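Computed from a predicted model, the values in this text were never measured in an experiment.
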Amino acid sequence: MRNLNTMLIMVLCVNLFALNAQHEISKSTYVLQNIESRDKESLDGLWQVIIDPLENGFYNLWLDPHKGKKAFFKNSKMKNKSDLIEYNFDTDYQLMVPGDWNTQMEKLYYYEGTIWYKKTFDFIEKFDEKSFLYFEAVNYEAKVYLNGELLGQHKGGYTPFQFNVSGKLKEKDNHLIVKVDNKRKREAIPTINTDWWNYGGITRSVHLINVPNNHIVDYGINFIKNKKNNIQGWVTLSNKNNNDVIIEIPELNKKFSIVASNGFASFEFRAKPELWSPKNPKLYKLNIKSSTDSISDDIGFRTIETSGYEILLNGKPIFLKGISIHEEAPFKTGRVTSEEECKVLLNWAKDLGCNYVRLAHYPHSETMVRLADKMGLLVWSEIPVYWTVLFENPDTYKSAETQLTEMVARDKNRASIILWGIANETPEGDSRLDFLSRLAKRVKLLDKTRLVTAASNTHNSGNKVKLIEDQLGNYVDVLGINSYCGWYGGSPESCSKWQWRNLYNKPIIISEVGGGALQGLHGDPGERWTEEYQNAVYVNNIEMMRNIDFLAGVSPWILMDFRSHRRHLRRIQKDFNRKGLISEKGLKKKAFFTLKEFYLSENNY
Ligand code: GCB
């Protein structure tokens, strides 16, 4: 095996530190990379559920956890006709997985609390295989039980987690029970106050993944920071003995073997791949093989860096023509649950002339990010550190850091992602700065090859001057600014007169700008909620943006109307934030075409 073409492998040293940092991360999360190409069975479909607002299936009268058959995770059955068991999954409701519960059953529309999910499945054990239960996302807290025993728990509604269930499965009738709780909590990430719907449930797919006993766990591959001809990578294996690993990128004519010791191998080689960009989203097949396992992925190579006010993609300045997107399904509303729905959203972004999307305000599904890779859309991906989280609370910080780590661990190989977002519109203060600067350092440790950002507010400093002076600017590479001129402040016409000042020699993205309109409602441009008013907001803000010389991009708020608990105007909003350029039914508003025209006029990028 070692006689394979081993040319041009400069086995490491230089970047050992960076590689080891990533290795540490992958060890601490231990989530299998690239589930798409693993051998797996789907546990999606209908699950039996019990709605349990009082958590009666978990606590007794005195709020001590049940130990016996009253615990719902025991899936107890009546033993005889006189037996008293006050729950029965099999005669209760059903919900679809993946899916939020709020839009599946009218009575659950506003529900926030606990629902127990149960799936029964059979399993054929194969010699020398390990099995993992893999959850793509559960909002917010999941306690997972297999055949009556706790496997573990996870907090955070938008990142994957898994449990090793090897040796724990039976041939028939395994019952997997998940207690899902989406109660909003002050100390959680996000906290209780958000401008999006708190969709509860097993919102993304569940898989039973079977891998060889000795398997490939994780890997990372990328250019060495901003060096276009040097690729570096690493692989982690479950087996700690010495192992040969073959790395192959057929289209680059590279195939070589490296030796993993203690479950880790790294490599570095020279190559001149075609560079990934929105205009040419070139992906290369990467094959990784050990003596017992193999995995394939589609990888793009590009560099991203900043220089003064500019963002450089593959060494050249790029203006990010973007749009913000919530992961909400077009036409039906509720959480996105299929690749088709992701495609509709990203195709709309393409139609608008975008080269970039801000996937707000939490990590979107892996499907979405992989599509962005294929379709050539640059991505800002973020964690839900939103508004007033408890910056002083160590557990809150820990949760933010865990969600950040899980996001980077899952998506570190996606060329489309150029920006890791660590926060959105957080109120300034010392504890916030301490919290966010720690997050910024953490993400830099996890990934040195991408840029760090956060969305902040501006300050008005008299005489129509907007000042960018948030101290967070010292810690991020790119500053996002949410600016709602013409909607939350001033008339649309006043916006074109604003001057901007930037205290940092760094690129600025207007991460949000926009206004609301009910699709189909027309009037004069001074009348709120009409398409004309929204359009006037865009026309004037575009004029303003053309005058900001340090502007590196924009992602207006937002592609499609989305559900929010904060939007009460019955005749207009109907629980929807109406700042979409497209209605939830898929109908485009006037401002869509205005923004499109602006983007078409910036067609060098
Ligand atoms: C913001 C938030 C976003 C809201 C938006 C709005 O600044 O970042 O989550 O939805 O304003 O519509 O008010």
Side-chain angles (χ1 to χ4, degrees), residues 158 190 194-197 278 319-330 333 335-336 341-342 344-365 368-369 371-372 375 377-387 407 416-426 453-457 478-488 508-517 534 537-538 541-542 545 551-564 566-567 576-584 588-589 591-592 594-596 598-599:
Y158 307 95
T194 63
D195 189 22
W196 71 88
W197 207 262
F319 183 75
L320 300 180
K321 300 183 285 184
I323 191 73
S324 299
I325 304 181
H326 261 298
E327 199 180 43
E328 209 160 300
T333 74
R335 276 271 163 261
V336 162
E341 289 162 351
C342 297
V344 171
L345 294 173
L346 294 186
N347 273 326
W348 279 338
K350 279 274 185 187
D351 182 21
L352 191 58
C354 295
N355 57 18
Y356 141 73
V357 288
R358 177 180 177 200
L359 299 182
H361 277 304
Y362 38 77
H364 288 213
S365 68
M368 187 76 119
V369 184
L371 265 179
M375 292 170 67
L377 284 160
L378 295 158
V379 171
W380 161 327
S381 179
E382 69 190 78
I383 49 167
V385 174
Y386 183 91
W387 292 348
M407 170 175 78
S416 54
I417 299 186
I418 52 166
L419 289 158
W420 295 124
I422 54 169
N424 181 75
E425 273 185 13
T426 42
T453 192
S456 302
N457 292 311
V478 175
L479 271 116
I481 299 293
N482 291 355
S483 158
Y484 280 93
C485 182
W487 187 258
Y488 290 130
I508 301 292
I509 295 178
I510 295 203
S511 35
E512 292 179 29
V513 54
Q534 185 189 43
V537 170
Y538 273 80
N541 275 284
I542 288 170
M545 289 188 290
L551 194 66
V554 52
S555 38
W557 195 253
I558 185 168
L559 183 67
M560 189 185 79
D561 291 350
F562 61 96
R563 274 218 178 82
S564 164
R566 299 171 58 82
R567 307 296 168 179
F576 279 90
N577 182 315
R578 291 284 176 211
K579 294 191 189 71
L581 294 174
I582 302 178
S583 74
E584 77 280 13
K588 292 177 177 137
K589 307 178 193 173
F592 180 96
T594 299
L595 184 62
K596 180 170 177 166
F598 171 50
Y599 286 165

* Side-chain touch V344/E341, heavy atoms, less than 4.5 angstrom -> no
* Asked: Can you tell me how far CG of N541 sits from OH of Y484, rounded to the nearest 0.5 angstrom?
  -> 10.5 Å
* To do: Compare all side-chain heavy atoms of C485 with those of V513 and state whether any distance is below 4.5 angstrom.
  => no
* Asked: Taking W196 as the fixed residue, which of F562, Y386, F576 is the one that meets the ring-ring contact (aromatic ring centres under 6.0 Å, His included) rule?
  -> Y386
* Structure fact -> Looking only at heavy atoms, the pair that brings Y538 and P556 closest together is OH-CB, 3.4 Å
* Side-chain contact test, heavy atoms from C-beta onward, threshold under 4.5 Å: evaluate it for N347 versus M375 and give yes or no. => yes
* To do: May I ask you to decide if G580's main-chain N or O and Q534's side chain share a donor-acceptor pair within less than 3.5 Å?
  => yes
* To do: Hey, could you give me the CG/CD1 distance between L479 and I508, rounded to the nearest 0.5 Å?
  => 4.5 Å
* Structure fact -> Of K579, K588, K589, the one forming a salt bridge (Lys or Arg N to Asp or Glu O under 4.0 Å) with D561 is K589
* Start with the C-alpha gap between E382 and R358, add the side-chain angles, then the distance that decides, and say whether side chain to side chain contact (heavy atoms under 4.5 Å, CB included) holds. => CA-CA 8 Å; E382 69 190 78; R358 177 180 177 200; 2.7 Å; yes
* To do: For side-chain hydrogen bond (donor to acceptor under 3.5 Å, both in side chains), just list the numbers for H326 and Y362, CA-CA rounded to whole Å, side-chain angles, deciding distance to a tenth of an Å, and then say yes or no.
  => CA-CA 9 Å; H326 261 298; Y362 38 77; 2.8 Å; yes
* To do: Identify the heavy atoms of P278 and K350 that sit nearest to each other, and give their distance.
  => O-NZ, 4.2 Å
* Can L320 and S555 be said to form a side chain to side chain contact (heavy atoms under 4.5 Å, CB included), step by step? -> CA-CA 8 Å; L320 300 180; S555 38; over 6 Å; no
* Structure fact -> Of W387, W557, W380, Y158, the one forming a ring-ring contact (aromatic ring centres under 6.0 Å, His included) with H361 is W557
* Asked: If you round to the nearest 0.5 Å, how far is CG of L371 from CG of L345?
  -> 10.0 Å
* Answer whether the closest heavy-atom distance between the side chains of P384 and T194 falls below 4.5 Å. => no
* Could you tell me whether a side-chain N or O of S511 sits under 3.5 Å from a main-chain N or O of I481, the two making a donor and an acceptor? => yes
* Asked: Hey, are the side chains of I509 and T453 touching, using non-hydrogen atoms and a 4.5 Å cut-off?
  -> no
* What are the two closest non-hydrogen atoms of A349 and V357, and how far apart are they? -> CB-CG1, 3.8 Å
* **Side-chain H-bond candidate by donor/acceptor type, S564 with D195, under 3.5 Å** => yes
* Asked: In terms of side-chain geometry, is the basic nitrogen of E584 or R563 positioned less than 4.0 Å from the acidic oxygen of its partner?
  -> no
* CD1 on I558 to CD1 on I582, rounded to 0.5 Å -> 11.0 Å
* Identify the heavy atoms of E328 and R335 that sit nearest to each other, and give their distance. => N-NH1, 4.3 Å
* How long is the gap from CG on D351 to CG on L346, to the nearest 0.5 Å? -> 12.5 Å
* Structure fact -> Tightest non-hydrogen contact, residues M560 and S583, listed as CG-O, 3.5 Å
* Once you round to the nearest 0.5 Å, how far does CG of L377 lie from CD1 of I323? -> 11.5 Å
* Output, in order, the C-alpha distance, side-chain angles, deciding distance and verdict of side chain to side chain contact (heavy atoms under 4.5 Å, CB included) for V554 and F319. => CA-CA 8 Å; V554 52; F319 183 75; 4.1 Å; yes
* Asked: Which atom names give the shortest non-hydrogen contact between M368 and C342, and what distance separates them?
  -> SD-CB, 3.6 Å
* **side chain to side chain contact (heavy atoms under 4.5 Å, CB included) assessment of Y599 paired with N355** => CA-CA 9 Å; Y599 286 165; N355 57 18; over 6 Å; no
